[in-house]
Amino acid sequence: MEPREARLPSLRDGLRAFLIGPRTPRERYAAEERTMSDETAFHQLPAEERLFRQRHSAAHVLAEAVLEMFPEAKYAIGPPIENGFYYDFDLPRPLTPDDLETLEARMRVSVERDLPIVGQQIPKEEARRIFAEQPYKLELIADIEDPTVGYFRHGEFQDLCRGGHTERTGQLGAFKLTHVAGAYWRGDEHRPMLQRIYGALFPTQEELDAYLTAREEAERRDHRRLGPELDLYHLDPISPGSPFFHPKGAVLYQTLVDYIRSLYPKYGYQEVITPQMFDTEIFKTSGHYDLFPDMFKMRDDEVESGLKPMNCPGHCMLYRYGLHSYRELPIRYAEFTRLHRNERSGVLHGLTRVRSFSQDDAHIYCTLEQQPEEIAHFFDMVREVYGDLGLLDVEVKIATRGEYFIGEIENWNRAEQQLQEAVAAAGWSYTIAPGEAAFYAPKVEFHFRDALGRSWQLGTIQIDQAMPTRFGLRYIGADGAEHVPVMIHRAVLGSLERFLGVYIEHVEGRFPLWLAPTQAVVIPIADRHLDYAEEVRSALAAKGLRAQVDSGPDRMGAKIRQAQLQKVPYMLVVGDREAEARAVGVRTRSGGDLGAMPLEELVERLAGERDSRASE
RNA sequence: GCCGGUGUAGCUCAGCGGCAGAGCAGCUGUUUCGUAAACAGCAGGUCGUGGGUUCAAGUCCCACCGCCGGCUCCA
């Protein structure tokens, strides 16, 4: 979250660049501003522009190959994307991996032929004639407002296209078709499902290979692989999307909760506990009921109950109990209890998308005047937490009002304005996500990428003046009259499950000492050292450090290997020399053998490292 | 939820109409060892679940469930 310039480049950054490419605003705008009127020679264009064009042209060459294989195919859209390109098709049958190889081979024929790619503006009428058999193209033509549309061709292939291409099909760079996936036409689930073919493309074979290798390495960091490997959690079909946290995972989970909880006095939060299950009337009052039908519900006699999917309605009930004076505000209710959302089966994803989770959730009730200060106050906490956790690669998004919303427009506008000012004041760069606000409030979202480059929202803050009205919340102002408080929804880590998923990948399972489930393994060299090993363990335990003795029959080398694979921060070897000197042989998971250290010194070192929450 | 793929031992995988396998992990025994894997033996399976085809089904077909890749959704 510090300015990017202040960060030292790391191996991770290099990997990330491979995986997700540059994400500057410029790239996005450039994509929209490109026109076919650009006369600059391809080789003279900026590298980023060349790559964009290569990916775009590769999509055309892919479509050419597909149309040749399936003359009856309908083709839809095929843009360049991060790392490559895709193209959507309506095909007579599902594609197989063998088809991808065939198509890729056909694409290389076009590259070999090095055909010129030419574009021009043509009248809509002519375009309709050319694409008469292509319903998706006709729909696109109908939606274009200009009297003319872009038309590109190379060889026998022709496409409706805004442009931004290489000059010839021989300039594509290095590419590989990677996978097929379903995709709705125009992203609308009520419209036909098309087959999307994805390809990766980079300027050179070396870069493509590096990307593909980086992807394979990233798969090894996937929390869905590391989590069970490190004995943190598992999932079972008996309760899809509901993690079983093992003792080690639970330590991690609870340590995070304890950490956030420890900050609450400083930031003025009061922890509360509200019910798990409510009469669904409460969600009708809040407005969630109709909008989010996937609540876990049950009916008992006349009453329909639901497992709470969020805490805000419960906190409103809590606020509503008793009268509040403006002198009490802001009131900040925090809660960690469990939430349940019946997410659609297809979206479940390891820990990052689950049905059962808890958040470091809180709702702040304050006056309109206190609102800007509360936002800044929250950002202070975000900065502290993300800093302690070493999460520097945050992306900040401001999500603004969408088509459906509750509340007054002027309140929305003011809240959006204040959020934007607060983010700017915090010194964070951000993007605007138009129309992506919650239905009741605009929000700021803090996003992080997982190992494979997928973006996940962790923290958020939402300025809500609608729900307090719906729940009839009041406070007595200095003027003696009743006023409606503002309600701020906020979470720093967001869903703890999701946070853990992202965080496991962020640190590649090498948790800093304060979070590591096992902080040290004591490794006796022979059985005669077991007593002393146990002494070392209990000396650590006395300081609250989580240590285990590996008392198994394996050789020391095997025990070290085991501890390394489990990514235990410290391995403490004890043999004759150490027992004699009341010392331990210290080895770290990253630095190898550090040599012997007196036991007392070791305990102090570890306790200090834990208390400082040092990152590795 | 939708499209496609996939499901064999705790884990990673082989077997793809004809006797269910390997490595690791586990257990037992021997070994007591100085910084990433000692040796030997043993045990481990309704081949996701339910139907169907067949003399015979992990193997072919259908349905359901889970998982994977996307899409959609995201309070």
Side-chain angles (χ1 to χ4, degrees), chain A residues 86 88 90-91 93-97 99 178-198 219 222 224-225 228-229 231 234-241 283 286-295 308-313 339 341-350 352-353 359 361 399 436-441 443 445 452 454 456-457 460 462 464 467 489 494-495 498 523-530 552-566 571-578 585-589 592-596:
Chain A
Y86 70 78
D88 288 347
D90 195 343
L91 300 176
R93 65 165 174 85
L95 290 166
T96 66
D99 291 331
T178 53
H179 59 290
V180 187
Y184 297 109
W185 167 234
R186 305 202 123 177
D188 183 340
E189 61 179 314
H190 303 297
R191 312 210 53 185
M193 174 69 72
L194 306 175
Q195 294 189 66
R196 176 171 295 177
I197 302 175
Y198 283 92
E219 278 165 19
D222 193 320
R224 292 170 299 178
R225 174 191 285 251
E229 266 177 22
D231 197 19
H234 79 272
L235 293 162
D236 190 284
I238 203 69
S239 184
F283 304 113
S286 70
H288 290 102
Y289 191 84
D290 291 325
L291 227 54
F292 303 100
D294 44 1
M295 192 186 331
K308 67 175 169 186
M310 76 294 289
N311 285 315
C312 31
L339 304 174
R341 296 179 184 178
N342 193 1
E343 301 282 5
R344 294 158 95 175
S345 59
V347 305
L348 298 178
H349 188 100
T352 44
R353 196 62 178 278
Q359 294 181 302
D361 200 9
E436 287 186 21
F439 71 93
Y440 52 80
K443 51 185 178 174
E445 301 175 345
L452 289 164
R454 290 178 283 228
W456 300 95
Q457 180 201 300
T460 182
Q462 308 163 1
D464 177 7
M467 212 172 287
H489 310 238
S495 153
R498 173 177 292 180
I523 298 174
I525 287 175
D527 285 352
R528 64 178 178 279
H529 308 120
L530 273 171
D554 286 335
R555 294 185 174 192
M556 184 195 65
K559 292 178 181 181
I560 284 174
R561 178 181 144 82
Q562 185 56 27
Q564 285 286 159
L565 291 173
Q566 286 294 303
M571 284 146 274
L572 308 173
V573 176
V574 296
D576 291 333
R577 299 199 298 262
E578 289 79 10
V586 180
R587 177 190 165 105
T588 66
R589 67 185 160 200
D593 190 356
L594 299 187

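These figures come from a predicted structure and were not determined experimentally. When reading the values below, keep in mind they use all heavy atoms of this one structure, side chains included, and skip hydrogens, waters and symmetry mates. Chain letters run A, B, ... following the sequence lines, proteins first, then strands; residues in each count from 1.
For B:U28 and B:C19, the P atoms lie 34 Å apart once the distance is rounded to whole Å. A distance of about 12 Å separates the P atoms of B:G50 and B:G58, rounded to the whole Å. Nucleotides B:A38 and B:C24 are separated by 12 Å at their P atoms, to the nearest Å. When the C1' atom is compared between B:U8 and B:A40, the two are found 28 Å apart, to the nearest whole Å. B:A56 and B:U31: their C1' atoms are spaced 50 Å apart (whole Å). For the P atoms, the distance linking B:C47 with B:C42 amounts to 24 Å, nearest Å. Comparing B:C16 with B:G21, their P atoms are spaced 14 Å from each other, to the whole Å. B:C60 sits 30 Å from B:C71 when the P atoms are compared, rounded to a whole Å.
Residue contacts shown for A:L565 include a base, since a base heavy atom lies under 4.0 Å away. Residue contacts shown for A:D236 are absent, as no nucleic acid heavy atom lies under 4.0 Å away. The residue A:R196 sits close only to the backbone: its heavy atoms come under 4.0 Å of sugar-phosphate atoms, none of a base. Heavy atoms of A:G575 sit under 4.0 angstrom from at least one base atom. Residue contacts for A:R353: at a heavy-atom cut-off of 4.0 Å it reaches a base atom on one of the strands shown. Within 4.0 Å (heavy atoms only), A:K308 reaches no atom of the nucleic acid at all. The residue A:R577 sits close to a base: some heavy atom pair falls under 4.0 Å. Within 4.0 Å of A:F283, counting heavy atoms only, lies no atom of the nucleic acid at all. Residue-level contact check: A:P240 touches the backbone only, with heavy atoms under 4.0 Å from sugar-phosphate atoms and none from bases. Within the 4.0 angstrom heavy-atom criterion, no nucleotide atom of any strand lies near A:Y86. Using a 4.0 Å heavy-atom cutoff across all strands shown, A:G346 reaches at least one base atom of the nucleic acid. Within the 4.0 angstrom heavy-atom criterion, no nucleotide atom of any strand lies near A:P524. Within the 4.0 angstrom heavy-atom criterion, no nucleotide atom of any strand lies near A:H529. Using a 4.0 Å heavy-atom cutoff across all strands shown, A:E578 reaches at least one base atom of the nucleic acid.
Annotation: ring-ring contact (aromatic ring centres under 6.0 Å, His included) contacts of A:H349 (sequence neighbours excluded): A:W456. With sequence neighbours excluded, the residues forming a side chain to side chain donor-acceptor pair (under 3.5 Å) with A:S239 are A:S242, listed by chain and number. Evaluation of the ring-ring contact (aromatic ring centres under 6.0 Å, His included) rule for A:Y289 yields no partner, not counting sequence neighbours. Residues that satisfy the side chain to side chain contact (heavy atoms under 4.5 Å, CB included) test with A:L291, not counting sequence neighbours, are A:Y404, A:F439. Under the rule for a side chain to side chain donor-acceptor pair (under 3.5 Å), the partners of A:N342 that lie at least two apart in sequence or sit in another chain are A:R355. Under the rule for a side chain to side chain contact (heavy atoms under 4.5 Å, CB included), the partners of A:D236 that lie at least two apart in sequence or sit in another chain are A:H234, A:I238, A:F244. Every side chain to side chain contact (heavy atoms under 4.5 Å, CB included) that A:S286 has, sequence neighbours left out, goes to A:F283, A:H288, A:P313, A:M467, A:F471. The side chain to side chain donor-acceptor pair (under 3.5 Å) test applied to A:E189 returns A:R344, not counting sequence neighbours. The side chain to side chain donor-acceptor pair (under 3.5 Å) test applied to A:R191 returns A:E139, not counting sequence neighbours.
Under a 3.5 Å cut-off, the side chain of A:D222 and the backbone N or O of A:E219 do not form any donor-acceptor pair. Listed for the A:R498 side chain is a donor-acceptor partner under 3.5 Å among the backbone atoms of A:T352.
For B:G41, the glycosidic angle deviates from 0 by more than 90°, giving an anti base.
Close approach of RNA chain B to chain A, defined as any atom under 4.0 Å from a non-hydrogen atom of the protein, starts and stops at B:G1 to B:A75.
Residues A:D576 and A:R528 are in side-chain contact: their nearest non-hydrogen atoms beyond the backbone lie under 4.5 Å apart.
If A:G585 and A:Q462 are placed on RNA chain B by their nearest nucleotide, the residue sitting closer to the 5' end is A:G585. Residue-to-nucleotide proximity on RNA chain B shows that, of A:N342 and A:Q195, the 5′-proximal contact is made by A:Q195.
At a non-hydrogen distance threshold of 4.0 Å, A:H179, A:A181, A:G182, A:A183, A:Y184 from residues 178-185 of chain A come into contact with RNA chain B.
When A:R196, A:M193, A:H190 are each tested for a side chain to side chain contact (heavy atoms under 4.5 Å, CB included) with A:Y184, only one passes: A:M193.
A salt bridge between A:E343 and A:R341 is absent, with no side-chain N of the basic residue lying under 4.0 Å from a carboxylate O of the acidic one.
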How does RNA chain B look in dot-bracket form if you count Watson-Crick and G-U pairs under 3.5 Å, write [ ] for pairs that cross, and put | where a base pairs with another strand? (((((((..((((....[..)))).(((((.......))))).....(((((..]....))))))))))))....
